[in-house]
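We number each residue from 1, following the sequence as shown.
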Amino acid sequence: QVQLVESGGGLVQAGGSLRLSCAASGRTFTNNAMSWFRQAPGKEREFVSGISVSGSSTYYADSVKGRFAISRDNAKNAVYLQMNSLKPEDTAVYYCAAARFSSIVLVRTAYDYWGQGTQVTVSS
């Protein structure tokens with residue numbers, strides 16, 4: 001059974017930091033781009049950041065550029081999201097996802113595997 005399991009979410013004050021982790025099991029994703037999405041209450045799920053197979057290419061939504069950093073460890077079959085300078089508008093459930101392709105894609109339909117999500121709440 002293929003699973004993506006996120007961890008590291010929580011409650012943090014504005015300006016604080018969190019590091020999200022996503023551990024994959026059941027298969028390896030060394031040939032798949034990996035991304036983080038988020039969904040706030042009443043809003044659609046949106047792309048946050050993606051990383052290519054090798055990790056040499058990354059992409060960020062404008063709203064998080066300069067504050068978030070994505071990385072991956074293919075040996076551990078894991079992907080991470082370091083979130084700094086958090087703002088109340090970053091509050092959402094964050095999801096890890098594995099793309100069907102080796103290159104970063106921004107559309108949800110290109111992702112076959114999703115985690116269950118981890119809640120991030122940023123207080124003002």
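We find the CD1-OG distance between Ile51 and Ser57 to be 8.5 Å, quoted to the nearest 0.5 Å. Separating the OH atom in Tyr94 from the OG atom in Ser49 is a distance of 11.0 Å, to the nearest 0.5 Å. Distance OG/Ser21 to CG/Leu81: 9.5 Å, rounded to 0.5 Å. Ser52 OG to Arg72 CZ: the interatomic distance, rounded to the nearest 0.5 Å, is 7.0 Å.
Nearest heavy-atom pair, Leu18 versus Gly8, reported as atom, atom and distance to 0.1 Å: CD2-O, 3.8 Å. Nearest heavy-atom pair, Leu20 versus Gly9, reported as atom, atom and distance to 0.1 Å: CD2-N, 3.6 Å. Listed here is the closest heavy atom pair of Ser124 and Ala14: CA-CB, 4.4 Å. Scanning both residues, Ala92 and Ala40, for their nearest heavy atoms gives CB-N, 3.8 Å. Minimum interatomic distance between Ser17 and Asn84 (heavy atoms only, all atoms of both residues): OG-OD1, 2.9 Å.
Formation of a donor-acceptor pair under 3.5 Å by the Glu6 side chain with backbone atoms of Gly117 is found in this model. Asn32 places a side-chain N or O within 3.5 Å of a backbone atom of Ala99 that can act as its donor or acceptor partner.
With contacts defined as side-chain heavy-atom distances shorter than 4.5 Å, the pair Val12/Thr121 does not qualify. Considering only heavy atoms from C-beta on, Gln82 stays 4.5 Å or farther from Ser71 through its side chain. Under the 4.5 Å side-chain criterion, counting only non-hydrogen atoms from C-beta, Val120 is not in contact with Thr91. Counting only heavy atoms from C-beta outward, the side chains of Leu4 and Gln116 never approach each other to under 4.5 Å.
When only modelled atom types and interatomic distance are considered, Asn74 and Thr30 share no side-chain donor-acceptor pair under 3.5 Å.
Here Ser56 pairs with Ser54 under the side-chain hydrogen bond (donor to acceptor under 3.5 Å, both in side chains) rule; sequence neighbours left out. Residues satisfying the side-chain hydrogen bond (donor to acceptor under 3.5 Å, both in side chains) criterion with Ser103, sequence neighbours excluded, are absent altogether. In this structure Ser25 satisfies the side-chain contact (heavy atoms from CB on, under 4.5 Å) test together with Gln3, sequence neighbours excluded. Arg67 pairs by the salt bridge (charged side-chain N to carboxylate O under 4.0 Å, His left out) definition with Asp90, not counting sequence neighbours. Considering only residues two or more places apart in sequence or on other chains, Ser102 meets the side-chain contact (heavy atoms from CB on, under 4.5 Å) condition with Val53.
Screening residues 20-42 for ring pair (Phe, Tyr, Trp, His ring centres under 6.0 Å), with sequence neighbours left out, gives Phe29-Tyr113, Phe37-Phe47, Phe37-Tyr111, Phe37-Trp114. The salt bridge (charged side-chain N to carboxylate O under 4.0 Å, His left out) pairs that include a residue from residues 39-53 are Arg38-Glu46, where partners are two or more places apart or lie in different chains. The salt bridge (charged side-chain N to carboxylate O under 4.0 Å, His left out) pairs that include a residue from residues 16-36 number zero, where partners must be two or more places apart or lie in different chains. Within the structure, every pair that satisfies the salt bridge (charged side-chain N to carboxylate O under 4.0 Å, His left out) test and touches residues 103-124, not counting sequence neighbours, is listed here: Arg100-Asp112. Listed by first and then second residue, the salt bridge (charged side-chain N to carboxylate O under 4.0 Å, His left out) pairs involving residues 47-66 are Asp62-Lys65 (not counting sequence neighbours).
Under the 4.5 angstrom side-chain criterion for Ile, Leu, Val, Met, Phe, Trp and Tyr, Val107 has no cluster partners at all. Cluster note: Val5 groups with no other residue, as no ILVMFWY side-chain heavy atom lies under 4.5 Å from it.
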Could you please spell out the steps behind the side-chain contact (heavy atoms from CB on, under 4.5 Å) verdict for Leu86 and Phe68? CA-CA 9 Å; Leu86 282 161; Phe68 290 11; 3.9 Å; yes
Kindly indicate, with the supporting measurements, whether the criterion side-chain contact (heavy atoms from CB on, under 4.5 Å) is fulfilled by Tyr95 and Gln39. CA-CA 8 Å; Tyr95 298 90; Gln39 187 167 17; 4.1 Å; yes
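Taken together through direct or relayed side-chain contacts under 4.5 Å among Ile, Leu, Val, Met, Phe, Trp and Tyr, Ile104 and Phe101 form part of one hydrophobic cluster. Val79 and Val2 fall within a single hydrophobic cluster, where Ile, Leu, Val, Met, Phe, Trp and Tyr are joined by side-chain heavy atoms under 4.5 Å apart, directly or via other members.
Within a 6.0 Å sphere centred on OH of Tyr59, heavy atoms belonging to other residues, nucleotides or ligands number 12 at most.
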